[in-house]
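The next block holds one structure in the form of structure tokens; read it before the comments.
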Amino acid sequence: MATNKLLLILTAASIITILHRSAALPAETLTNAADTLSNSGYVAMSLTLNLVSDVLLSHHNSATVFTPPDSSFSDYGQPSLTILQLHFSPMAFSLQSIRSLPYGTKIPTVDSGTFLTVTTRSPSDQISINDVKIIGSPIFDDGSLIVFGIESFFDPNFTVPDPPVPTARLDHCTASFADNSNFSFHDSANVLISRGYSVMASFLNLQLLGFITQPTLTVFAPSDEVMVDYSGRFPDYQSLFHRHVLPCKVSWRDLINIDDGTSFDTYLEGFEIKINRSGGSFKVNEVSITFPDMYYSDWIVIHGIHEIVSLPKPVDEASDDDGDGDPFDDTPANTSGRELIASGPDRSEF
């Protein structure tokens with residue numbers, strides 16, 4: 001058991017070591033998406049993506065594009081930039097994550113403050129947004145950029161005909177356990193690996209929280225590229241993982257309905273995650289959420305984020321800065337705190 005756990009730690013470390021940072025969607029990704037669109041019969045959007053990507057996506061490192069067919073472009077004429085913005089979201093939504101969103105859930109667009117609305121009324125129905133159906137599986141999906149075909153252009157004047165189903169308020173976030181102990185992170189870890197979040201997948205498989213029964217969890221997962229600075233810092237891994245995990249399930253639908261500034265306890269005792277939103281931007285401790293509901297089940301939800309959630313600087317260091325600089329220190333030292341561990345076997349040796 002200990003040997004297997006050490007191997008997993010070493011695997012996570014090796015993954016971190018070989019990675020490099022990426023600040024925005026790479027030009028190669030956009031080129032590949034445009035080529036795939038053209039080869040799939042979406043020539044108009046392929047040309048459009050080449051023309052407007054610098055304007056609409058230059059400041060985003062993830063995106064979802066909804067593309068009407070060429071016939072819609074012919075019928076509609078040249079769409080305005082305002083219309084095109086409706087078809088670009090600054091977050092990556094997989095088919096699974098969109099399917100998990102209940103009726104009335106909002107999806108942000110690159111036009112700050114403008115949202116699309118999920119209009120799928122039943123899990124068995126074909127997925128629809130703004131009453132426009134999504135056609136089949138993604139045309140392109142490399143984990144950071146996802147492209148869906150849709151039946152026609154979204155109507156900029158669309159309104160939800162019926163009020164959305166109210167969401168229960170999250171008045172607390174404390175550890176909750178099921179009655180059975182037959183659970184596994186296998187499925188969620190596999191999704192993380194396939195999406196470029198292998199380090200967080202390794203941490204989940206390690207079960208650093210020491211659960212003996214099935215918990216309810218929310219994981220904010222940094223991508224592999226931003227984990228490179230933690231290469232070889234084995235003592236910091238537990239603190240790093242714990243501060244990205246909440247002891248309750250907070251889905252994308254919950255996040256867009258809670259009050260701005262709401263804070264949640266994490267499994268790192270004394271450390272909280274604060275939700276901030278502005279227009280279509282959603283952040284946890286000033287780190288952007290890029291892939292909402294990457295994985296969703298009845299007991300765990302995983303959101304991809306742009307950077308690592310950092311620990312605050314020690315008070316003496318913060319005072320030395322005279323108010324300048326980032327209030328969150330990227331150096332994970334001296335302020336790791338005590339871990340809030342669920343009942344289970346002792347994992348402190350790791």
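The figures that follow rest on heavy atoms only: side chains count, while hydrogens, waters and symmetry mates do not. Numbering starts at 1 and runs along the sequence shown.
- The side-chain hydrogen bond (donor to acceptor under 3.5 Å, both in side chains) search around Ser97 returns Ser94, not counting sequence neighbours.
- In this structure, Asp70 contributes its side chain and Val43 its backbone to a donor-acceptor pair below 3.5 Å.
- Closest approach of Ile107 and Phe93 over heavy atoms only: CG2-CE1, 3.7 Å.
- Taking each heavy atom of Leu57 and Ala63 in turn, the nearest pair found is CD2-CB, 3.7 Å.
- Looking at Thr36, Leu51, Leu37, Val147 one by one, the single match for side chain to side chain contact (heavy atoms under 4.5 Å, CB included) with Ser46 turns out to be Leu37.
- Hydrophobic clustering (side-chain heavy atoms under 4.5 Å, transitive across Ile, Leu, Val, Met, Phe, Trp, Tyr) groups Ile135 together with Leu49.
- Taken to the nearest 0.5 Å, the CG atom of Leu255 stands 11.0 Å off from the OG1 atom of Thr105.
- Under a hydrophobic-cluster definition in which Ile, Leu, Val, Met, Phe, Trp and Tyr are linked whenever side-chain heavy atoms come within less than 4.5 Å, directly or via other members, Leu217 and Ile193 are assigned to different clusters.
- Under a hydrophobic clustering in which Ile, Leu, Val, Met, Phe, Trp and Tyr are joined whenever their side-chain heavy atoms come within less than 4.5 Å, directly or via other members, Tyr42 and Val52 fall into the same cluster.
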- Message: As a quick check of understanding, evaluate side chain to side chain donor-acceptor pair (under 3.5 Å) for Asp142 and Ser144, giving each step before the final call.
- Response: CA-CA 6 Å; Asp142 77 340; Ser144 59; 3.1 Å; yes

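- With no hydrogens or angles considered, a side-chain donor-acceptor pair links Asp254 and Ser251 at under 3.5 Å.
- Arg253 places no side-chain N or O within donor-acceptor distance of the main-chain N or O of Leu101, the cut-off being under 3.5 Å.
- No donor-acceptor pair closer than 3.5 Å links the side chain of Gln96 to the backbone N or O of Tyr295.
- Annotation: the span from Asp298 atom CG to Thr216 atom OG1 amounts to 10.0 Å, rounded to 0.5 Å.
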- Task: Check step by step if side chain to side chain contact (heavy atoms under 4.5 Å, CB included) holds for Ile289 and Val284.
- Result: CA-CA 7 Å; Ile289 298 173; Val284 289; 4.2 Å; yes

- Task: Run the numbers on His303 and Thr218 for side chain to side chain contact (heavy atoms under 4.5 Å, CB included), then give the verdict.
- Result: CA-CA 8 Å; His303 305 293; Thr218 301; 3.8 Å; yes

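- Closest heavy-atom contact between Met45 and Pro68: CE-CD, 3.9 Å.
- Atom OH of Tyr197 is separated from atom CD of Glu225 by 8.5 Å, given to the nearest 0.5 angstrom.
- Of the possible polar contacts, one joining the Ser62 side chain to the Pro90 backbone as a donor-acceptor pair under 3.5 Å is found.
- For the pair Thr109 (side chain) and Leu86 (backbone), a donor-acceptor distance under 3.5 Å is absent.
- Between Phe241 and Leu204 the shortest side-chain heavy-atom distance falls below 4.5 Å.
- When every heavy atom of Phe73 is checked against every heavy atom of Thr48, the shortest pair comes out as CE2-OG1, 3.8 Å.
- By the 4.0 Å N-to-carboxylate-O rule, Asp141 lies close enough to Arg195 to be salt-bridged with it.
- Ala92 and Phe291 get closest at one heavy-atom pair: O-CD2, 2.9 Å.
- With rounding to the nearest 0.5 Å, the separation of CG in Leu192 from OG in Ser198 is 8.0 Å.
- A donor-acceptor distance shorter than 3.5 angstrom exists from the side chain of Asp155 to the backbone of Asn157, with no hydrogens or angles considered.
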- Item | Test side chain to side chain donor-acceptor pair (under 3.5 Å) applied to Ser124 and Ser122, step by step | CA-CA 5 Å; Ser124 60; Ser122 167; 3.0 Å; yes

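- A distance-only check finds no donor-acceptor pair linking the side chain of Asp35 to the backbone of Asn32 [under 3.5 Å].
- Remark: aromatic rings of Trp299 and Phe185 are close, center separation under 6.0 Å.
- Rounded to the nearest 0.5 angstrom, Thr266 OG1 and Glu272 CD are separated by 8.0 Å.
- Asp260 approaches Arg277 most closely through the heavy-atom pair OD1-N, 2.9 Å.
- Under a 3.5 Å cut-off, the side chain of Thr117 and the backbone N or O of Lys106 do not form any donor-acceptor pair.
- Checking Ser152 against Ser72 by side-chain atom types alone, no donor-acceptor pair falls below 3.5 Å.
- Atom CZ of Phe140 is separated from atom OG1 of Thr67 by 13.5 Å, given to the nearest 0.5 angstrom.
- Partners of Tyr76 according to the ring pair (Phe, Tyr, Trp, His ring centres under 6.0 Å) rule, which considers only residues two or more places apart in sequence or in another chain, are Phe153.
- The backbone N or O of Val309 sits nowhere less than 3.5 Å from a side-chain atom of Asn285 that would complete a donor-acceptor pair.
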- Task: Report the C-alpha separation of Phe282 and Met91 in whole Å, then their side-chain angles, then the decisive distance to 0.1 Å, and conclude whether the side chain to side chain contact (heavy atoms under 4.5 Å, CB included) test is met.
- Result: CA-CA 10 Å; Phe282 289 75; Met91 298 179 176; 3.8 Å; yes

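- Leu47 and Ile139 fall into different hydrophobic clusters, where Ile, Leu, Val, Met, Phe, Trp and Tyr side chains are chained together by heavy-atom contacts under 4.5 Å.
- Figure legend: cation-pi geometry between Lys249 and Tyr296, with NZ or CZ positioned under 6.0 Å from the six-membered ring centre and within 45° of its axis.
- Counting only distance, with no hydrogens or angles, the side chain of Ser89 and the backbone of Pro108 share a donor-acceptor pair below 3.5 Å.
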- Item | Lys274/Thr262 under side chain to side chain contact (heavy atoms under 4.5 Å, CB included): CA gap, chis, key distance, verdict | CA-CA 6 Å; Lys274 183 178 181 180; Thr262 298; over 6 Å; no

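- When the side chains of ILVMFWY residues are joined at heavy-atom separations under 4.5 Å, either directly or via intervening members, Val132 and Phe115 end up in a single hydrophobic cluster.
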